[in-house]
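One structure is given here, and the rest of the page talks about it.
Reminder, nothing fancy here: chain letters follow the sequence lines and each chain counts from 1.
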Number of protein chains: 2
Amino acid sequence: MLLDDRKKRILEAVIEEYNATAEPVGSTKIANDYNLGFSSATIRNEMANLEELGYLEQPHISAGRIPSSQGYRFYIDSIMQEKNLSVQEKQIIDEILKEDVIKLETLIKDASNILAKLTNYASIAIGPQMTNCKVEEIKLVKLGQDRLMIVILADNGAIKESIIKYDGTLPEENIEIFNTYLNHSLKGMNFEEIYNNINAYVENELYNISTNVIPLVNELNNLLVDNNVEVYMEGTKNLLSLPEMKQENTLKNFLNIIETQDALKELAKNGYDGNVNVYIGQENAFEDLKDFTIITYKQKINDKELGTIGLIGPKRMDYKKVIPVIKYVGDVLQEKMKQGGSFDDGQNNAK
Amino acid sequence: MLLDDRKKRILEAVIEEYNATAEPVGSTKIANDYNLGFSSATIRNEMANLEELGYLEQPHISAGRIPSSQGYRFYIDSIMQEKNLSVQEKQIIDEILKEDVIKLETLIKDASNILAKLTNYASIAIGPQMTNCKVEEIKLVKLGQDRLMIVILADNGAIKESIIKYDGTLPEENIEIFNTYLNHSLKGMNFEEIYNNINAYVENELYNISTNVIPLVNELNNLLVDNNVEVYMEGTKNLLSLPEMKQENTLKNFLNIIETQDALKELAKNGYDGNVNVYIGQENAFEDLKDFTIITYKQKINDKELGTIGLIGPKRMDYKKVIPVIKYVGDVLQEKMKQGGSFDDGQNNAK
DNA sequence: CTTAGCACTCAGGAAGATTAAGTGCTAAAA
DNA sequence: TTTTAGCACTTAATCTTCCTGAGTGCTAAG
């Protein structure tokens, strides 16, 4: 649906005014403050039209208008002009991400941190989807008397690792054999493929060597499960003081999002790569998110998924600024990862 | 300060009534519902006395009384009778903790989970203080082309681990040498001791072998830092619907506690071992906690710290029930850990 | 020492009035 | 035909006033 220029300018004005105040916007306000060259009456008529077309909403009959999700969508896609980052902002981002990062997992957290700081919303960082990763290396490490650490290095650089109780029936000298065997039979294989029928790949020799490899095999399998994704959030506090949080349920919904993390994982999974994705209110299926906007930016290098950074804020977001910021941060991050050569999924979060 | 029996019984009644309703309690309510055998007038007088003594507070002059922190303190220490857990509750706890837990880090999380479920408050689980731990074993594991995993096993069973970029100037054949050397020179040493002057312990041979071991040494050091403690929470949502959260600041304070975690770490550090510790409102120094009670139970076996489980809730907690619950869960947990032989501090959180 | 009785206090809610912001529509102006 | 001034109308929000109910402290009688 196309809008004529006047409608666009009015919609833009309403959105900017509403973004600034969080209050329904009236026609006179627009007429006075945004000299568009029309009287309040004309604007009033146009606002009525825009409402009919679905771009604006009216909380009640004698109130001003607020933008609908569709209104924001149109604004983002067809009206707003992205605001370039200031030299200063770029410097801050470059500065923080430039530091010689030895701990790779710190990188994505840092990026998330910057996002929260620069935007004043809550930022998220989500580990990569492992579904399509291939096993690059498996290491079994004996720890102390009774534990075994299983480490899987994936071809996207992510590391999954876990510790199980070392069972006495699994003789020490076999660990090396297992290690070799596991690498031999699983290297280069797809995570999902292994997960679906690990026994097929492993049964022959492994079960021959020792009767009690079941815990090991189980845990190995667990590490391959796709759902096993880490979520970080920063700046959740930033959202608490927003006026939209005054509505009873909004806050509860938000805390639900934080606590369950399901919605976040799901959105991160779906996000189209190489692009900043914006989900406004009802645009995503999660009831709890209906009053929020989520922006995600999936990080990818050479077809390898490296995780997702993102932002959560009110629908009334400063999109003009926020989208370029996340784009810039993501691009710097990917650049940095390319140099670093690998990415750790953050499951090893020694500070 | 001792109270006569009548005052005790009235204080107890007020606390129980207030716990149930979260509303100031009046003298007639007590007289009618808790047949203590005194008229409301007598109770009124006693309540005035109890207020003067600091055990009760009055929100405003024509309102009933609410228990002060001191009142709760006295109630816990000298009045209440702990309520035995029902057979059912014990079963639930035993059941969940009885499962054959292969993943040791799951254990403390499970315990925390149970606490949240059984009490309907928010539960916490905090990794062990490592200050007084000794190094039991160090492993360096090469991962892929360019990374090195450092794993430290401590004598309390905790495992600290981290990954650094593997530097080309650190030849592969040296890793084994390093490994041997690090174990040789650091095994049995106190974390804190090493941290304070790691170079003294490591410099000689290590720096001789390769010029660029600095990242490795730094990271090793990082892993020893005391502050590097993991905090889990469950059931934070449970607290949102409490009437006390209606007061603007209480909720903010709560979210602050969750987000910063400082207060939690601090309290876990200080808690006296082998006992359930209760911190009511202002009894702990953290401003944000002034409207909450925190209960901690430090887990210890043979002088080895294994972390802390705990609860956060309103001051108006059901102490009679909650304290035995946390005690029971903690004891079962310690029993379980004793069998398991070791405890993983949860930094390896593959689900 | 206990309690009945009573005057007093005060938060919270209901009812009503007022205000301010904004609308839609009509008719005049451009 | 489009724009705009003008105006009647709507409604949420706020303020005021009044009232009620829960609770108190104190006094005097039991």
Side-chain angles (χ1 to χ4, degrees), chain A residues 3-11 13-18 20-68 71 243-244 246-248, chain B residues 3-11 13-18 20-68 71 243-244 246-248:
Chain A
L3 297 182
D4 64 49
D5 191 56
R6 189 166 75 183
K7 286 199 179 59
K8 277 191 190 176
R9 290 173 65 200
I10 292 174
L11 178 56
V14 171
I15 286 181
E16 278 171 20
E17 185 64 23
Y18 182 69
T21 62
E23 298 287 330
V25 182
S27 54
T28 8
K29 184 76 187 170
I30 301 291
N32 290 338
D33 294 10
Y34 292 76
N35 41 8
L36 303 178
F38 308 100
S39 74
S40 70
T42 307
I43 293 172
R44 199 141 61 236
N45 285 328
E46 287 289 40
M47 282 168 74
N49 290 336
L50 282 166
E51 181 175 0
E52 200 157 341
L53 293 168
Y55 296 99
L56 294 179
E57 283 166 358
Q58 203 171 19
H60 58 85
I61 191 144
S62 72
R65 303 300 206 299
I66 63 177
S68 67
E244 19 274 277
K246 294 235 171 72
Q247 270 157 312
E248 180 79 34
Chain B
L3 296 183
D4 63 51
D5 191 57
R6 189 167 75 183
K7 286 199 180 57
K8 279 191 189 176
R9 289 174 64 200
I10 291 174
L11 178 55
V14 170
I15 287 181
E16 279 172 18
E17 185 64 23
Y18 182 69
T21 62
E23 299 286 331
V25 181
S27 53
T28 6
K29 183 78 188 170
I30 301 292
N32 291 339
D33 294 11
Y34 293 75
N35 41 8
L36 303 178
F38 307 101
S39 75
S40 70
T42 307
I43 292 172
R44 200 141 59 236
N45 285 330
E46 287 290 39
M47 281 167 76
N49 291 336
L50 283 166
E51 180 174 0
E52 201 158 342
L53 294 169
Y55 297 98
L56 294 178
E57 283 166 359
Q58 203 172 21
H60 57 84
I61 192 146
S62 72
R65 304 299 206 297
I66 63 177
S68 67
E244 20 273 277
K246 294 235 172 71
Q247 268 156 316
E248 181 79 32

Q) For Ala41(A), which contact category applies under a 4.0 Å heavy-atom criterion: base, sugar-phosphate, or nothing? A) base
Q: May I have the distance from Glu51(B) (atom CD) to dT24(D) (atom P), rounded to whole angstrom?
A: 10 Å
**Q.** Pair Asp5(B) + Lys8(B): basic N to acidic O under 4.0 Å
**A.** no
(Q) Rounded to whole Å, please give me the gap between CD1 in Ile61(A) and C1' in dA12(D). (A) 13 Å
Q) Whole Å only: how far is the CD1 atom of Ile43(B) from the P atom of dT3(C)? A) 9 Å
Q) Between atom OH of Tyr34(B) and atom CD of Glu16(B), what is the distance when rounded to the nearest 0.5 Å? A) 6.0 Å
Q. Expressed in angstrom and rounded to an integer, what is the separation of Asn45(B) atom CG from dG5(C) atom C1'?
A. 14 Å
Q. Asp4(A) CG to dT1(D) P: how many Å, rounded?
A. 18 Å
Q | Side-chain-base donor-acceptor pair under 3.5 Å for Thr42(A) and dT3(D) | A | no
Q | Check: Asn49(B)/Glu46(B) side-chain N/O donor and acceptor closer than 3.5 Å | A | yes
Q: Would you kindly give the NE2-to-P distance between His60(B) and dG21(D), to the nearest whole Å?
A: 16 Å
**Q.** Options dT4(D), dG24(C), dT9(C), nucleotide nearest the side-chain atoms of Arg65(A)
**A.** dG24(C)
Q | Atom pair distance, as rounded to whole Å: CD in Gln58(A) and P in dT10(D) | A | 14 Å
Q: Look at the side chain of Ser62(A) and the base of dT10(D), then say whether one donor and one acceptor between them are separated by less than 3.5 Å.
A: yes
Q | Rounded distance in Å - CZ (Arg44(B)) to P (dT27(D)) | A | 14 Å
(Q) Strictly below 4.0 Å: does Ser27(B) bring a side-chain N or O up to OP1 or OP2 of dT24(D)? (A) yes
Q. Does the Ser68(A) side chain pair with the main chain of Gly54(A), one donor and one acceptor, at a distance under 3.5 Å?
A. yes
